[in-house]
Amino acid sequence: MTFKIGLLGLGTVGTGTAEILLSPAMRHPLLQEVEIARVGVRSLDKPRSVALPSQIYTTDLDAIVTDPAIDVVVEVMGGIEPARSLILKAIAHGKHIVTANKAVISRHGSEIFDAANAAGVYVMLEAAVAGGIPVIQPLKQSLSVNHIYQVMGIVNGTTNYILTRMQTEGADFDAVLADAQRLGYAEADPSADVDGQDAADKIAILAALAFGGRVKIDEVYCEGIRHISQADIAYADRLGFVIKLLAIARRDSDPSAQSTHDRVDQLQVRVHPTLLPKHHPLANVNDVYNAILVEGDPIGQVMLFGRGAGKGPTASAVVSDIQNIVAILKANGGASTTLHPLFACIHEHYCTVSPIESLVTRFYARFLTRDMPGVIGRIGTCFGNHNVSLESIVQIGFQDGLAEIVLVTHDVREGDFRAALEQIQSYDEVAEIPSVLRVV
Ligand code: NAP
Ligand code: HSE
């Protein structure tokens, strides 16, 4: 039996996918039954590094997704359109889908999965989150017997590379970003990475799987790393922390809950730079590596670590999805009958996402103030008046003739903390509040 693949895109990930499929020896025997039948690209003139017959290339991607001979459409072209329309058209023509496209899934997953479930086809997306790290299938299968409390991860390689170099070399954000672009980690337009949107897309997908309900991407709180300064990295280090861009999805506590097992169907889903204690499992995940820490009952903590991007690792995830679909089809004699509940995404309701103001967390903040008696006392009193309890507040040094004050709070409600900051900002003695970061 041969299963025919229509590949939409032959860039970084498409090329890696073709390389694996064209060298099935020493891999799972199922891959010998997979054939790349058509390849859709933008330019037929571009030199390609994989040995595929020239007649299978086309710029007419519609012809691929409607081709009756194609079993599985592999979308590795990226972007929202025409990727979304092509996926929907492929589904309407009975094709199974494998995609690496977190942006299209996080924004249009609902219509795509509704269409797929109605058509009885699979949409698989292992490569869309954390590149080569198997995290989607584990969440759908082995981990799904647990009551998951939290999924927390470093899911963007570009920002982790930038923060690691700022930490280890004392380099500045702009200089490291330029290097990341030169090395091909960051896109020419790096905004989706450095402003956190790429990580937000990924955590929305992970949250949906871990907690069994869809998540609206515009409800995911998202803050990037452009404002992280060398001063913050150095102060965090002195306080025993590293700064990482974390993507976090967790069940929000019900204040009336008697135990951690007694939770409501309400989530926190957020991306922001975070001070992590140096002993935290994610604190030593460096460079372009990604890791996802899953916590549940009764399994406890599980951490998945590996390369979150790049040709080979991402292609490994794409091909594993192709293989899973082929395995299911083969077991059913070539046809998909009822969707297998451990591979399909069948939930339809939306999770409620808590507003960031209701978050209860610790904060780190840095102030530049006039150096005069009573400033620390006034700041401390204002926090106290807003129900914000301080763990420490110290004057660390001077910058441009201004006193630099750094504080860390106990767990406080974000809305209360922000209200206090607004008032403190209005004090004549306070010149600037250059940084406010959450602490895990
Ligand atoms: P890429 O290198 O830019 O390749 C895109 C491919 O799609 C190219 O072959 C391009 O054709 C083709 N293409 C794009 N738009 C097209 C259009 N409108 N019509 C026809 N062909 C079109 O992208 P990539 O890095 O492989 O990424 C692909 C997807 O994987 C994205 O969704 C990305 O987010 C995801 N992903 C990437 C990585 C990674 O490490 N790169 C990791 C995880 C997930 P030409 O070759 O003719 O230009
Ligand atoms: N731009 C992404 C990153 C690629 O840096 O992690 C993988 O999705």
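Both ligands and their constituent atoms are indexed starting at 1 by order of listing. In this chain, numbering begins with 1 at the start of the sequence shown.
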>> Tell me if a side-chain donor or acceptor on E75 pairs with a main-chain N or O of M77 at a distance below 3.5 Å.
In response: yes

> Which residue, T66, V65, I70, forms the side chain to side chain contact (heavy atoms under 4.5 Å, CB included) with K95?
Replying inline: I70

> What protein heavy atom sits nearest atom 35 (C) of ligand 1, and how far away is it?
Replying inline: A100 O, 3.2 Å

>> Could you measure the distance from the CD atom of E422 to the CD1 atom of I433? Nearest 0.5 Å is fine.
In response: 10.0 Å

> Judging by distance only, is a nitrogen or oxygen of G131 under 3.5 angstrom from one on ligand 1?
Replying inline: no

> Does atom NZ of K89 have more than 12 heavy-atom neighbours, drawn from other residues, nucleotides or ligands, at distances under 6.0 Å?
Replying inline: no

> Does a sphere of radius 6.0 Å around CZ in R307 hold more than 12 heavy atoms from other residues, nucleotides or ligands, not counting ones at 6.0 Å or beyond?
Replying inline: no

> Who's closest to atom 47 (O) of ligand 1 heavy-atom-wise, of A309, S43, G9?
Replying inline: S43

> Hey, is E75 one of the residues with a heavy atom under 4.0 angstrom from ligand 1?
Replying inline: no

> N/O of A309 under 3.5 Å from N/O of ligand 2, yes or no?
Replying inline: no

>> Which residue and atom name correspond to the protein heavy atom nearest atom 5 (C) of ligand 1, and how close is it?
In response: M77 O, 3.6 Å

>> What I want to know is whether G310 and ligand 1 share at least one N or O pair that is separated by under 3.5 angstrom.
In response: yes

>> Show the atoms of ligand 1 that are less than 4.0 angstrom away from any heavy atom in P82.
In response: 18 (N)

> Where the side chain of S358 meets the backbone of S354, is there a donor-acceptor pair that is under 3.5 Å apart?
Replying inline: no

> Given T59, T17, V13, L8, which one has a non-hydrogen atom that is nearest to atom 26 (O) of ligand 1?
Replying inline: V13

> In the protein, what heavy atom is nearest to atom 2 (C) of ligand 2, and what distance, to one decimal place, separates them?
Replying inline: D193 OD1, 3.5 Å

> Does ligand 1 have an atom under 4.0 Å from some heavy atom of K311?
Replying inline: no

> Would you say the side chains of Y122 and D321 form a donor-acceptor pair under 3.5 Å?
Replying inline: no

> Under 4.0 angstrom from ligand 2, any heavy atom of G308?
Replying inline: yes

> What's the shortest distance from atom 5 (O) of ligand 2 to any protein heavy atom, and which residue and atom give it?
Replying inline: T158 OG1, 2.7 Å

>> Checking a contact table here: which protein heavy atom is nearest atom 6 (O) of ligand 2, and how many Å away?
In response: G157 N, 2.7 Å

>> Is there a polar contact between ligand 2 and K102, counting only N or O atoms under 3.5 Å apart?
In response: yes

